[in-house]
Amino acid sequence: MKFVRYGPPGREQPGLIDADGRLRSLRGVVDDIGPQAYGSAGRRALRRVDATALPLVRGRPRLGVPFVGIGKFIAIGLNYRDHAAEAGLPIPDEPVVFGKWTTCLSGPFDAVAQPPHATRMDWEVELGVVIGQTARYVGVADALRHVAGYCTVNDLSERQFQFERGPQWDKSKGLDGFGPVGPWLVTADEIPDPQALDLRLDLNGERMQTGNTSSMVFSVAQIVSYLSHFMTLRPGDLIATGTPPGVGMARQRFLRPGDVMELEVQGLGSQRQQIVAGRDRVADDARDLLRLR
Ligand code: ZN
């Protein structure tokens with residue numbers, strides 16, 4: 001199944017994309033696309049729903065993040081060999097783990113406002129993994145059983161915040177709008193092999209990133225197993241699994257207002273975001289603290 005949430009921000013309605021690519025409403029069937037829909041019991045129950053009997057949604061409403069209940073938004077760094085090489089960083093011995101704050105989540109077509117102190121914004125197309133069943137200390141062979149489905153994620157980043165503000169990545173990854181997710185949550189039964197998916201990202205119509213999940217250093221199963229030994233993974237937790245080569249950092253080309261990103265993971269749908277000038281301002285009395293002068 002392809003779950004979606006449609007409507008204005010904060011007032012999204014649950015829906016699905018039918019076999020003909022049409023948006024149909026799940027109102028009255030589920031309250032929202034939460035664990036009750038994408039968890040193992042929910043998916044079993046929804047399989048009995050006749051999609052052709054659900055009402056079609058008119059027009060082309062905005063799409064939001066395609067599911068709710070994202071307690072944690074975790075990301076893996078340097079997980080493609082060729083991307084580690086372009087970043088000039090060694091291929092990691094263990095997964096590089098960092099957090100994206102859940103306040104960075106946004107819809108797949110929402111504009112991204114440039115933060116006022118951002119100078120090196122960058123793009124990263126990634127395979128997103130959605131947990132469907134609580135995972136603690138799970139083995140690699142058992143890991144994919146805990147996955148509800150997959151989605152396209154843009155792991156937007158600010159390279160100056162990432163590399164020049166201390167030994168962490170978190171400050172660069174969780175700004176508002178830095179986590180577009182969707183358009184769909186595609187259930188795992190439709191993605192038999194998550195290690196065989198093409199990824200691509202275009203900037204202003206020009207191809208920047210091309211990759212395939214077969215080039216991951218650590219597989220989805222290894223990542224889920226590894227993380228489950230450091231935290232309890234809960235239904236709804238979202239894991240961005242790393243990006244293939246072609247990011248702006250390697251090209252010395254950073255995002256500016258007016259730029260348009262279009263990105264897609266095979267079978268999971270494509271996103272499109274425009275960068276716009278932000279309206280926020282750095283507080284005057286925080287400029288020294290932020291080393292802005
Ligand atoms: Zn990333």
Side-chain angles (χ1 to χ4, degrees), residues 65 70 72-92 94-106 108 112 115 118 120-131 150-165 167-182 194-195 197-203 208-220 222-224 226-227 237-251 253-255 261-266 268 270-271 273 275:
V65 175
I70 306 176
K72 292 190 282 299
F73 188 178
I74 308 152
I76 305 299
L78 301 176
N79 198 34
Y80 285 74
R81 286 166 204 286
D82 26 14
H83 171 59
E86 75 169 356
L89 295 166
I91 292 168
E94 284 189 44
V96 174
V97 178
F98 59 90
K100 286 179 77 74
W101 319 130
T102 52
T103 42
C104 81
L105 291 162
S106 64
V112 178
R120 291 183 221 158
M121 286 176 69
D122 204 347
W123 54 83
E124 294 191 353
V125 60
E126 307 203 3
L127 169 65
V129 174
V130 182
I131 297 297
Y150 302 92
C151 54
T152 303
V153 172
N154 190 353
D155 176 20
L156 279 149
S157 308
E158 213 295 346
R159 302 304 184 191
Q160 201 259 338
F161 298 174
Q162 183 173 7
F163 294 114
E164 296 174 24
R165 290 184 177 273
Q168 54 72 47
W169 290 8
D170 308 78
K171 279 179 274 188
S172 71
K173 299 282 193 171
L175 293 114
D176 288 2
F178 276 33
V181 176
Q195 304 306 145
L197 304 176
D198 289 327
L199 305 92
R200 60 138 186 121
L201 181 143
D202 296 345
L203 178 67
M208 292 286 138
Q209 291 191 273
T210 308
N212 186 281
T213 55
S214 61
S215 302
M216 283 185 181
V217 178
F218 300 101
S219 69
V220 172
Q222 288 175 315
I223 289 167
V224 170
Y226 182 85
L227 290 174
D237 286 348
L238 172 60
I239 305 164
T241 54
T243 201
V247 298
M249 177 172 59
R251 302 169 182 271
R253 167 64 165 94
F254 299 105
L255 292 165
M261 296 167 283
E262 292 186 84
L263 52 144
E264 181 172 25
V265 180
Q266 186 182 352
L268 305 181
S270 61
Q271 310 184 345
Q273 297 103 31
I275 304 292

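Residue numbers count from 1 along this sequence. Below, all heavy atoms of this structure are taken into account, side chains as well, without hydrogens, waters or symmetry copies. Note that ligands are numbered from 1 as they come in the structure, with each ligand's atoms numbered from 1 the same way.
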For this session: Examine the side chains of Asn154 and Gln273 and answer whether a donor and an acceptor come within less than 3.5 Å of each other.
Result: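 Their side chains do contain a donor-acceptor pair, which is all the 3.5 Å distance test asks for.
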
Exercise. What number of protein N, O or S atoms occur at distances under 2.8 Å from the Zn ion (ligand 1)?
Worked result: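 For the Zn ion (ligand 1), the figure is 3.
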
Exercise. Would Lys100 count as a cation-pi partner of Phe73, with NZ or CZ less than 6.0 Å from the six-membered ring centre and within 45° of the ring normal?
Worked result: yes

Output all residues satisfying side-chain contact (heavy atoms from CB on, under 4.5 Å) with [X], sequence neighbours left out; order by chain, then residue number.
X      : value
Gln195 : Asp193, Thr213, Met216, Ser219, Val220
Glu94  : Tyr226
Glu264 : Arg200, Ser270

Exercise. Taking NZ, NE, NH1 and NH2 as the nitrogens, is one of them in Glu158 or Arg165 under 4.0 Å from a carboxylate oxygen of the other?
Worked result: no

